[in-house]
Asker: 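One structure coming up, written as structure tokens, with questions to follow.
Chain A is the first sequence line, chain B the second, and so forth, proteins listed ahead of strands; every chain is numbered from 1. Computation of the quantities below employed the complete heavy-atom set of this structure, encompassing side-chain atoms and omitting hydrogens, waters and symmetry-equivalent molecules.
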Amino acid sequence: MDLSTLRHSCSHVLAQAVKELWPEVKLAIGPAIEDGFYYDFDKEGPFSDEDLLAIEEKMRQIIAKNEPFLREELDKAQAIKLFKQLKEDYKVQLIQDLAGQAISIYKTGQAFLDLCRGPHIKSTGEIKVFKLLSVAGAYWHGIETNPMLQRIYGTCFNSQKELDEYLKNLEEAKSRDHRKLGPQLGFFDIYHEQAGAGLVFYHPKGALLRTIIEDYERKEHLKRGYQIVITPHIMDAALWKTSGHYDYYKENMYTFATEGKEFVLKPMNCPGHILIYKSKTRSYKDLPIRLFELGTVYRREKAGVLHGLLRVRGFTQDDAHVFCLPEQLPDEIKKIIDFVFETMKVFGFNQWGVELSTRPEKYIGSEEDWQKATEALENALKDKGIPYEINQGDGAFYGPKIDIKLKDALKRTWQCATIQCDFALPKRFDLVYIDTDGKEKQPIMLHRVLLGSLERFIGALIEHYKGELPLWLSPCQVLLIPLKETVISYAQTVKSKLEDNNIRVELDTRNETLNKKIREAELNKIPYCLIIGEREAKQEQVSVRKKGSGQRLWQEEAKPRPAGQQGAVALDKFIEELTNRIKEHK
RNA sequence: GCUGGAGUAGCUCAGUUGGCAGAGCACGUCCUUGGUAAGGACGGGGUCACGAGUUCAAUUCUCGUCUCCAGCUCCA
């Protein structure tokens, strides 16, 4: 059975049930969506949890009656008249907006009819398992100034098993929530009330993780001919007026006046890099110039959109601007695309979706430039044989862009990398280089981020790995657990030896039992524990326990060694093995 | 910003139909010196988000503010 048809029909049953319980409610729309369906209602007062149960009960009755879905066609005038009689104002509006004269409606039994293009299942009895999930507000037609309707979300499947799996998946996603895991693992926290919403505090472990990511990025950028720059956090508002951001995003910028001047807390890094470009006369021989900055920016996002690390008010982008000659453009774009994919793979993401976003309604620059820029991006994707979707009208106001969304272990997508082609800002800022003929020409500018915002990316990492970061990213790679005080000095030797080999190590000398320390190490997702007792000290060994020991395996089996327990090895051998794994980004 | 739900110890949560505020974990002290997922005893810890109002009395009721959560809208 086609799920989207089934779900669409189920949304009709939902609407029918609601109309039976609250005849005065007006219907809006009720489509199938990716994981289920919803229906929007105009009702005085909210639907409560009890209401949802009552609606589910009513739906079950309708399904039990096995009423057929019947299609009828009316002409437009008839349809409008019919829905006016039913006082379904939203449906009347929908019909008025429909092109063509033939309007199809679906009747379910005698009791219920709805404007609908179909298709539907034959009868309500075909719905086997369904569940209403939640209620939320939603604007009519999704437009902010329209009335707010009540949306009921639900889902249905062909079998109970599939529904259970879906619900289990929801739970699984919940257990990976970075907002929960992040603070729990000591990565970060947000002090909403004391410091402000959307402002992230990295605790030591998270700051270490971020430093590891940053170090990796700096190294890779230098390798690829980027130059690292650092620009101020506040700049004269005039710069943002020139760039055009002031007009488009003033509401979302933190501004303040001092010494008779207006300043802006930078919401993006472009103008800073542009000033550096403009600081001297550039020759065609200098291009491409690639400026990279781990640039921290602030944007006054509306209160309701903030979400953990994914949507914050202060964040750091791995931002770069490439200034190049027109003939260098295709190659530069391709290099960036390669850089993006290579970086994602290193961090353990192997699936992604690519979108090309074209000119929006509000834009700056000429149509001709837009076309050139869009073609350049599209050709790069085509040449590399990368499948992509077109996202009509979703580009930035100054240029089209390629968005690369990575997919995590649960197949959820995360917006990270973006490559934007820009003819507009070079014009506005009057950027030039001296060409072979000694004349001034305008360079093309590419904006790009790989990971996007480090905050969001760290959120994605946490959820992708369920907090169990790969060895090379783990803030603490090895925990040393000495069994008693007499072996602490040997443990300290082990610690400095590991540190000499650039292994991040902690020594746990607290007065707690071995079991407790191991339990905590597991909960803290530390990749390796080294247990150090008399035996190890005597033979320059360490007893290795790898994370994820197969929890309490030993209780069920006869007496095998738990999976994580690797036994004793010579310290040098352990160091060698670990160093190799770290080098390979495992 | 909009609709709805919520805010009690560092964390997870009980509880009070308006009358001195509770547990487990965490934390501190002491005992315990251990071989692969929680050793034991005792102890400290709260403006019940914030501000007004009603009341003899408000953590509890009312209003406002802040913040979080589920969505909507937005995301240079």
Asker: Which atom names give the shortest non-hydrogen contact between A:Thr316 and A:Leu294, and what distance separates them?
Answerer: CG2-C, 3.7 Å
Asker: How would you label the contact of A:Glu251 with the nucleic acid (heavy atoms, under 4.0 Å): base, sugar-phosphate, or nothing?
Answerer: nothing
Asker: How is A:Lys516 classified with respect to the nucleic acid when contacts are heavy atoms under 4.0 Å: base, sugar-phosphate, or nothing?
Answerer: sugar-phosphate
Asker: Rounded to whole angstrom units, what separation is found between the OH atom of A:Tyr248 and the P atom of B:C74?
Answerer: 17 Å
Asker: Between A:Asn515 and A:Val305, which residue's closest nucleotide on RNA chain B lies nearer the 5′ terminus?
Answerer: A:Asn515
Asker: Spell out yes or no: do the side chain of A:Asn511 and the base of B:U32 have one donor N/O and one acceptor N/O closer than 3.5 Å?
Answerer: yes
Asker: Any N or O donor-acceptor pair linking the side chain of A:Arg179 to the base of B:C68 at under 3.5 Å?
Answerer: no
Asker: Would you mind classifying the nucleic acid contact of A:Glu485 as base, sugar-phosphate or nothing, using non-hydrogen atoms under 4.0 angstrom?
Answerer: base
Asker: Take atom CD in A:Glu389; do more than 12 heavy atoms of anything else shown fall under 6.0 Å from it?
Answerer: no
Asker: Please tell me if A:Lys546 has a side-chain N or O lying less than 4.0 Å from either OP1 or OP2 of B:U36.
Answerer: no
Asker: Quickly work out the A:Met268 CE to B:A76 P distance and round it to whole Å.
Answerer: 9 Å
Asker: Measure from CG on A:Leu523 to P on B:U36 and round the result to the nearest Å.
Answerer: 18 Å
Asker: Whole angstroms only, please: what is the NE2-P distance between A:His203 and B:C11?
Answerer: 11 Å
Asker: Across the strands shown, which category fits A:His307 at heavy-atom distances under 4.0 angstrom: base, sugar-phosphate, nothing?
Answerer: sugar-phosphate
Asker: Under 4.0 Å, heavy atoms only, any strand: does A:Gly142 hit a base, just the sugar-phosphate, or nothing?
Answerer: sugar-phosphate
Asker: Nearest whole Å is fine: how far is B:C2 P from A:Leu149 CG?
Answerer: 16 Å
Asker: By the 4.0 Å heavy-atom rule, please label A:His245 as base, sugar-phosphate, or nothing.
Answerer: base
Asker: Strictly by Watson-Crick or wobble contacts shorter than 3.5 Å, is anything paired with B:U54, and which nucleotide is it?
Answerer: none
Asker: Please give the nucleotide sitting opposite B:C74 as a Watson-Crick or G-U wobble pair, both distances under 3.5 Å, or none.
Answerer: none
Asker: What nucleotide, of B:A70, B:G71, B:A38, holds the atom closest to the side chain of A:Arg519?
Answerer: B:A38
Asker: By the 4.0 Å heavy-atom rule, please label A:Ser543 as base, sugar-phosphate, or nothing.
Answerer: base
Asker: Could you work out the separation of B:C56 and B:G15 based on their C1' atoms and round it to a whole Å?
Answerer: 24 Å
Asker: Other residues, nucleotides and ligands only: do more than 12 of their heavy atoms fall within 6.0 Å of NZ on A:Lys278?
Answerer: yes
Asker: Ignoring hydrogens and angles, state whether a donor on the side chain of A:Trp414 or A:Glu463 is under 3.5 Å from an acceptor on the partner side chain.
Answerer: no
Asker: Can you check whether any acceptor in the base of B:U32 is under 3.5 Å from a donor in the side chain of A:Thr513, or vice versa?
Answerer: no
Asker: Where each residue is assigned the nucleotide of RNA chain B containing its nearest heavy atom, which of A:Ile531 and A:Phe397 is assigned the position nearer the 5′ end?
Answerer: A:Ile531
Asker: When we call it a touch if two heavy atoms are under 4.0 Å apart, what does A:Tyr153 touch: a base, just sugar-phosphate, or nothing?
Answerer: sugar-phosphate
Asker: Considering every strand and a 4.0 Å limit on heavy-atom distances, what is the contact class for A:Pro46: base, sugar-phosphate, or nothing?
Answerer: sugar-phosphate
Asker: At less than 4.0 Å, is any side-chain N or O atom of A:Lys174 found next to OP1 or OP2 of B:C69? Yes or no.
Answerer: no
Asker: Taking atom P in both B:C63 and B:A6, compute the distance separating them and give it to the nearest angstrom.
Answerer: 13 Å
Asker: Separation of A:Ile402 atom CD1 from B:A76 atom C1', in whole Å?
Answerer: 18 Å
Asker: Would you mind reading off the distance between A:Gln184 atom CD and B:U12 atom P, rounded to a whole angstrom?
Answerer: 8 Å
Asker: Scan every strand shown for a Watson-Crick or G-U wobble partner of B:G4, both distances under 3.5 Å, and answer none if you come up empty.
Answerer: B:C69
Asker: Would you mind pulling out the nucleotide paired to B:C30, Watson-Crick or G-U wobble, both distances under 3.5 Å?
Answerer: B:G40
Asker: Using the six-membered ring of A:Phe397, assess whether NZ or CZ of A:Lys362 lies under 6.0 Å from its centre and within 45 degrees of the ring axis.
Answerer: no
Asker: Expressed in angstrom and rounded to an integer, what is the separation of A:Leu480 atom CG from B:G35 atom C1'?
Answerer: 16 Å
Asker: Rounding to the closest angstrom, what is the interatomic distance between B:C13 and B:C69 at atom P?
Answerer: 14 Å
Asker: If the P atom of B:G19 is compared with that of B:U60, how far apart are they to the nearest Å?
Answerer: 11 Å
Asker: Check whether the side chain of A:Glu193 and the base of B:G7 form a donor-acceptor pair under 3.5 Å.
Answerer: yes
Asker: What is the nucleic acid contact for A:Glu534, judged by heavy atoms within less than 4.0 Å: base, sugar-phosphate only, or nothing?
Answerer: base
Asker: What's the gap between B:G39 and B:C11 when it is taken at their C1' atoms, as a whole Å value?
Answerer: 23 Å
Asker: The side chain of A:Arg545 lies closest to which of these nucleotides: B:U3, B:U36, B:C75?
Answerer: B:U36
Asker: Answer with yes or no whether A:Tyr139 presents, from its side chain, a donor or acceptor under 3.5 Å of a partner atom in the base of B:G1.
Answerer: yes
Asker: Please measure how far the P atom in B:G53 lies from the corresponding atom in B:C20, and state the result in whole Å.
Answerer: 23 Å
Asker: Just name whichever nucleotide pairs with B:C13, Watson-Crick or G-U, keeping both distances under 3.5 Å, else none.
Answerer: B:G22
Asker: Of the non-hydrogen atoms in A:Pro426 and A:Met445, which two are nearest, and what is the gap between them?
Answerer: CG-CB, 3.7 Å
Asker: Output the single nucleotide from B:G35, B:U73, B:G71 whose closest atom is nearest the side chain of A:Lys302.
Answerer: B:U73
Asker: side-chain hydrogen bond (donor to acceptor under 3.5 Å, both in side chains) with A:His447: which of A:Gln420, A:His321, A:His273, A:Gln317?
Answerer: A:His321
Asker: Check the pair A:Glu534, A:Tyr490 against side chain to side chain donor-acceptor pair (under 3.5 Å), reporting the backbone distance first and the verdict last.
Answerer: CA-CA 9 Å; A:Glu534 302 278 3; A:Tyr490 172 62; over 6 Å; no
Asker: Check every atom of B:U67, B:A76, B:A37 against the side chain of A:Met253 and return the nucleotide holding the closest atom.
Answerer: B:A76
Asker: Does B:G45 pair with anything, Watson-Crick or G-U wobble, both distances under 3.5 Å, and if so, with which nucleotide?
Answerer: none
Asker: Could you check whether A:Lys180 gets within reach of a base, just the sugar-phosphate, or nothing at all, counting any heavy atom under 4.0 Å?
Answerer: sugar-phosphate
Asker: Measure from the side-chain heavy atoms of A:Leu514 and tell me the nearest of B:A76, B:C68, B:G35.
Answerer: B:G35
Asker: Answer yes or no for A:Arg151 and A:Tyr38: cation-pi contact, defined as NZ/CZ to six-membered ring centre under 6.0 Å and angle to ring axis within 45°.
Answerer: yes
Asker: Is any N or O donor-acceptor pair between the side chain of A:Gln150 and the base of B:G71 shorter than 3.5 Å?
Answerer: no
